[in-house]
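Bear in mind the structure is a predicted one, so any value in this text is a computation, not a measurement.
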Amino acid sequence: MVVPVARTGGAAPSGRAEAERRATEGFVSLYRTASRGVAPADLDVPRAVRRVSAEAVVEEFTLARPAEPDAQDRAIGQVLTRARQLGDALLGVVVDRTGTARALDLDGVVLGRPVPVDLVPDLLVLRPEVAVRHPELSRFGVRVCGPFTAFDPDRLLDRL
């Protein structure tokens with residue numbers, strides 16, 4: 001579970017209430033090498049950072065509720081721009097507008113662990129050597145995205 005970097009106002013929600021809220025909340029996860037600096041402060045998307053291995057961290061950005069698709073698109077666009085700026089430090093990207101992919105071990109998928117994948121979020125960008133470990137993903141709109149392999153079933157990359 002991601003612990004927010006900062007929380008303001010009101011009492012902290014109960015663990016169960018927080019888990020239920022997060023389960024329906026969209027997110028973008030940007031995986032990068034741990035040696036790279038933290039995202040610039042000019043991103044106006046709520047963010048938490050956590051270490052997922054000795055060599056990798058994930059920056060998790062919270063998306064606006066699905067009823068606000070324009071706000072989601074702006075936030076996703078900002079994070080994808082950040083991903084492009086990382087160059088070789090980028091390990092992968094996950095976009096899930098509704099939070100339905102939270103049940104998957106996305107850390108394991110992006111880091112190349114042998115994790116079964118039976119659903120794909122709105123966008124999953126992996127290094128090619130990791131993507132080949134998941135042949136089950138080939139039915140989800142495979143495309144080349146620079147030096148990465150993207151699984152983009154809803155063609156999100158074409159819209160942003």
K.L.:
For residues L106 and S29, determine if any side-chain heavy atom of one lies less than 4.5 Å from a side-chain heavy atom of the other.
P.N.:
no
K.L.:
Less than 4.0 Å between a side-chain N and a carboxylate O, is that true for R143 and D158?
P.N.:
yes
K.L.:
Show your working on side chain to side chain contact (heavy atoms under 4.5 Å, CB included) between V93 and F148 and close with a plain yes or no.
P.N.:
CA-CA 10 Å; V93 177; F148 292 89; over 6 Å; no
K.L.:
Which atoms form the tightest heavy-atom contact between D107 and Y31, and what is the distance?
P.N.:
OD1-OH, 2.5 Å
K.L.:
Look up atom CG in D96 and atom CG in L63, then write down how far apart they are to the nearest 0.5 Å.
P.N.:
8.5 Å
K.L.:
Looking at CD of Q78 and CZ of F61, how far apart are the two atoms once the value is rounded to the nearest 0.5 Å?
P.N.:
9.0 Å
K.L.:
Please name the pair of heavy atoms, one in A131 and one in L126, separated by the smallest distance, quoted to 0.1 Å.
P.N.:
CA-CD1, 4.1 Å
K.L.:
Could you walk me through whether L30 and L90 pass side chain to side chain contact (heavy atoms under 4.5 Å, CB included), step by step?
P.N.:
CA-CA 8 Å; L30 190 151; L90 183 66; 4.0 Å; yes
K.L.:
Looking only at non-hydrogen atoms, find the nearest pair between F151 and V142 and report the distance.
P.N.:
CE2-CG2, 3.4 Å
K.L.:
Mind checking whether V115 and V132 sit in one hydrophobic cluster, side chains of I, L, V, M, F, W, Y counted as touching below 4.5 Å?
P.N.:
no
K.L.:
Can any side-chain N or O of R51 pair as donor or acceptor with the backbone N or O of A54 at less than 3.5 Å?
P.N.:
yes
K.L.:
Return the minimal non-hydrogen interatomic distance between S53 and L111, and the atom names on each side.
P.N.:
CB-CD1, 4.3 Å
K.L.:
Looking at every non-hydrogen atom in both residues, tell me the closest pair between A150 and L123 and how far apart they are.
P.N.:
CB-CD1, 4.3 Å
K.L.:
Between E136 (side chain) and V117 (backbone), is there a donor-acceptor pair under 3.5 Å?
P.N.:
yes
K.L.:
Nearest 0.5 Å, what's the OG1-CG distance between T149 and D152?
P.N.:
12.5 Å
K.L.:
Is a salt bridge present between R127 and D88, judged by a nitrogen-to-oxygen distance below 4.0 Å?
P.N.:
no
K.L.:
What closest approach, in Å, do R32 and V49 show between heavy atoms, and which atom pair accounts for it?
P.N.:
NH2-CG1, 4.2 Å
K.L.:
Is the shortest side-chain heavy-atom distance between D73 and R97 below 4.5 Å?
P.N.:
yes
K.L.:
Taking the side chain as every heavy atom from C-beta outward, state whether L104 and D118 have any pair of such atoms under 4.5 Å apart.
P.N.:
yes
